[in-house]
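Comments concern the structure below.
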Amino acid sequence: QVQLVESGGGLVQVGGSLRLSCAASGRTFSGGTMGWFRQAPGKEREFVAVIGWSSGRIYYADFVKGRFTIARDNAKDTVDLQMISLKPEDTAVYYCAASKYGFTWHTHDFGSWGQGTQVTVSS
């Protein structure tokens, strides 16, 4: 059982930046993957970024490459998502997730999810 709590969401203008943070507690998955996903109204949940235990394995969705950066601090059990050059289409609820698998980006492989934090990008 892993508890995840996201923070840092809010309202920003097009081209702005925002940093999301996720704090994990409880029985964390040692050696597992942490990731970020998002879901906009009327859309399916989509993969954003994942990071392995050592931080040496990272994978980003094509639509965020060059704009978003994922990082984790295993000592603090946190994972951050730094977002820059935000676009209106980035508007969504962003979810932090944890997986027991060493490295994966598949939604189905993530067994623990946070409640989500709203990110709204306005023009």
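Residue numbers count from 1 along this sequence.
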Can you list every side-chain hydrogen bond (donor to acceptor under 3.5 Å, both in side chains) pair that touches residues 98-108, not counting sequence neighbours?
Thr104-Asp109

Sequence neighbours excluded, every pair satisfying disulfide (SG to SG under 2.5 Å) that has a member inside residues 38-75:
none

So, do Tyr60 and Phe47 have ring centers that fall under 6.0 Å from each other?
no

For residues Ala98 and Met34, report the shortest heavy-atom separation together with the two atoms involved.
CB-SD, 3.5 Å

Name all residues meeting the ring pair (Phe, Tyr, Trp, His ring centres under 6.0 Å) criterion together with Phe110; count only those two or more places apart in sequence or in a different chain, and write none if there are none.
Phe37

Is it true that Val48 and Val50 fall in one hydrophobic cluster, defined by side-chain heavy atoms closer than 4.5 Å?
no

Could you list the residues that satisfy ring pair (Phe, Tyr, Trp, His ring centres under 6.0 Å) with Trp53, not counting sequence neighbours?
none

Indicate yes or no for a side-chain donor-acceptor contact from Arg57 to the backbone of Ile51 under 3.5 Å, with no hydrogens or angles considered.
no

Residue set satisfying side chain to side chain donor-acceptor pair (under 3.5 Å) with Ser21, at least two apart, ordered chain then number -> Asp80

In a table with atom names and distances, give each donor-acceptor pair under 3.5 Å that connects a side chain of residues 4-19 to protein atoms at least two apart or in another chain.
from  : atom 1 : to     : atom 2 : distance (Å)
Glu6  : OE1    : Gln115 : N      : 3.2
Glu6  : OE1    : Gly116 : N      : 2.9
Glu6  : OE2    : Cys96  : N      : 2.8
Glu6  : OE2    : Gly116 : N      : 3.2
Arg19 : NE     : Gln82  : OE1    : 3.0
Arg19 : NH2    : Gln82  : OE1    : 2.8

Is any side-chain heavy atom of Met83 less than 4.5 Å from a side-chain heavy atom of Leu81?
yes

For residues 41-52, pull every pair meeting salt bridge (charged side-chain N to carboxylate O under 4.0 Å, His left out), keeping only residues two or more places apart or in separate chains.
Arg38-Glu46

Between Ala40 and Ala92, which heavy-atom pair has the shortest distance, and what is it?
N-CB, 3.8 Å

Pairwise side-chain contact, Ile70 with Ile58, heavy-atom cut-off 4.5 Å (strictly under):
yes

Is any side-chain heavy atom of Val119 closer than 4.5 Å to one of Leu20?
yes

How far does CH2 of Trp36 sit from OH of Tyr94, to the nearest 0.5 angstrom?
10.0 Å

Under 3.5 Å, side-chain donor or acceptor atoms of residues 61-69 against the rest of the protein: list the pairs with distances, not counting sequence neighbours.
from  : atom 1 : to    : atom 2 : distance (Å)
Asp62 : OD1    : Lys65 : NZ     : 3.4
Arg67 : NH1    : Ser85 : O      : 3.0
Arg67 : NH1    : Asp90 : OD2    : 2.8
Arg67 : NH2    : Phe63 : O      : 2.9
Arg67 : NH2    : Asp90 : OD1    : 3.1
Arg67 : NH2    : Asp90 : OD2    : 3.4

Who passes side chain to side chain donor-acceptor pair (under 3.5 Å) against Ser112, sequence neighbours left out?
none

Measure from the side-chain N and O atoms of Asp73 to the backbone N and O of Lys76, and report whether any donor-acceptor pair falls under 3.5 Å.
yes

Going by the rule side chain to side chain donor-acceptor pair (under 3.5 Å), which residues pair with Gln118 if we only count those two or more places apart in sequence or in a different chain?
Thr120

Between CZ of Arg72 and CG of Asn74, what distance do you get to the nearest 0.5 Å?
4.5 Å

